[in-house]
Amino acid sequence: MTRNVVVTGIGMTTPLGGDVASTWAQLMAGQPGISKMGPDWHPDQPAKIAGLMKVDPEEVLTRVEIRRMDRSEQCALIATREAWADAGSPEMDPVRLGAVVASGIGGVNSLISAYETIKEKGPLRVSPHMVTMIMPNGPAAMVGLEVGARAGVHTPVSACASGAEAISYAARMIQGGRADVVVTGGTEACINTVTMAGFAAMRALSTRNDDPNTASRPYDLDRDGFVMSEGAGILILEEEEFARARGARIYGRYGGAGLTSDGHHIAQPDPEGTGAARAMREAIEDAGLDLSSIVHVNAHATSTALGDFAESIALRAALGSNTDQTIVSATKSMTGHLLGGAGAVESIFSILALRDRIAPPTPNIFNFDPAIQLNVTANGPVALPAGDIAALNNSFGFGGHDVALVFTSI
């Protein structure tokens, strides 16, 4: 018997807002959340803009929580508390409760801080919490402790596809009978001189420093790279009968996932989009849907020429003749790129789009790239049809990771 998976709670903290409601309102208004770095930012850094969280964790967490957790863990905890409360804080056997939370880079801010402490004051002054602040599974562990999960705590790491891969893993825990409820998603907080210098050296970052809010330009002919951002998205996935038995509010269903790899290059997508297209087809097949059911796509679309084009080719290959009728949003135009948090935040956007029957806008397209043959929401939000509909959320990562998720209306 198939165990259906539904979404019963969502939480977010992003450059657009400190929770789901404020982030969604800003997104639908088409208002980007990118800002200039402060006066202390290294003057030789090519990129001087980023998507900093709208609400700093220090404003909502205790001093002890701030001191003992890396910023990426803080983000995950904030989003988890919102999502858990949104789901009605399920009362359940903890051995049937799991946590799967991903991060692409982990606690690098804490690692840099510890190194600076050693240089300035010596190794005996390093925090006793340093190890649990830098380990990649730290956010998942903190989330698991927060809700008391005992069915398993896991951390997929697949660069910018990490958050989406976490959701697919969580769903499999429920479908396979290991858990009835799983807290899942992704988090990232690595805006610092080291990480930014590294991405800038790869020429991956936008340097449109004088105009932050138009810097992230997916599908624009004049795009010059992505904008690095921070934040987290958390979802409460639940076995459908379990959710209905306790009277939970249901946002939508998890349909399926496709996970493939390019086998092409460590930091560039396959220009033919072969692996990405296969991931999308497998996700749709896993959901048991026809191609015509996919009415909306939240594209990965980071605002790099190679990535945007490869994904567009992949979408056409996966959706075939249905591509022109499918509405495509590129929400990184407003949030920037949350790396390991992106797949989870954008999955929540997909679920809300199905709930409200409206696809988010894609601002910052001033000169549409004619090579992109997609039906993009360039002129504002677009209404989605009534009836049973589905959305596809794409996430791709350095290393050739391809993850596509399908969500359906309810």
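Remember, it's a predicted structure, so these values are computed and weren't measured experimentally.
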Answer yes when Asp224 and Arg217 have at least one side-chain N-carboxylate O distance shorter than 4.0 Å, and no when they do not. no
Without placing hydrogens or testing angles, list every side-chain donor-acceptor pair under 3.5 Å for residues 361-369, not counting sequence neighbours.
| unit_1 | atom_1 | unit_2 | atom_2 | d |
| --- | --- | --- | --- | --- |
| Thr362 | OG1 | Ala330 | N | 3.0 |
| Thr362 | OG1 | Thr377 | OG1 | 2.9 |
| Asn364 | ND2 | Asn213 | O | 2.9 |
| Asn364 | ND2 | Ser216 | O | 3.0 |
| Asn364 | ND2 | Ser333 | O | 3.3 |
| Asp369 | OD1 | Ala371 | N | 2.9 |
| Asp369 | OD2 | Arg223 | NH1 | 3.2 |
| Asp369 | OD2 | Arg223 | NH2 | 3.0 |

Salt bridge flag under 4.0 Å for residues Asp210 and Lys48: no
May I ask you to check whether Asp70 and Ser72 show a side-chain donor-acceptor distance below 3.5 Å? yes
Charged N-O contact under 4.0 Å between Arg244 and Glu240: yes
Hey, are Asp19 and Lys54 close enough for a salt bridge, meaning a charged N less than 4.0 Å from a carboxylate O? no
Can you classify the ring geometry of Phe407 versus Tyr254 as parallel (below 30°), tilted (30 to 60°) or perpendicular (above 60°)? perpendicular
May I ask you to decide whether Arg246 forms a salt bridge with Glu238, counting only side-chain N to carboxylate O separations under 4.0 Å? yes
Please report the C-alpha distance between Ser229 and Lys332 in whole Å, then the side-chain angles of each, then the deciding distance to 0.1 Å, and finally whether the side chain to side chain contact (heavy atoms under 4.5 Å, CB included) criterion is met. CA-CA 9 Å; Ser229 295; Lys332 290 186 181 73; over 6 Å; no
Can you confirm whether Arg150 is buried at CZ, in the sense that more than 12 heavy atoms of other residues, nucleotides or ligands lie under 6.0 Å from that atom? no
Among Thr187, Ile105, Thr302, exactly one meets side chain to side chain contact (heavy atoms under 4.5 Å, CB included) together with Leu339. Which residue is that? Ile105
Please indicate whether Asn379 has more than 12 foreign heavy atoms, meaning atoms of other residues, nucleotides or ligands, lying under 6.0 Å from its CG. no
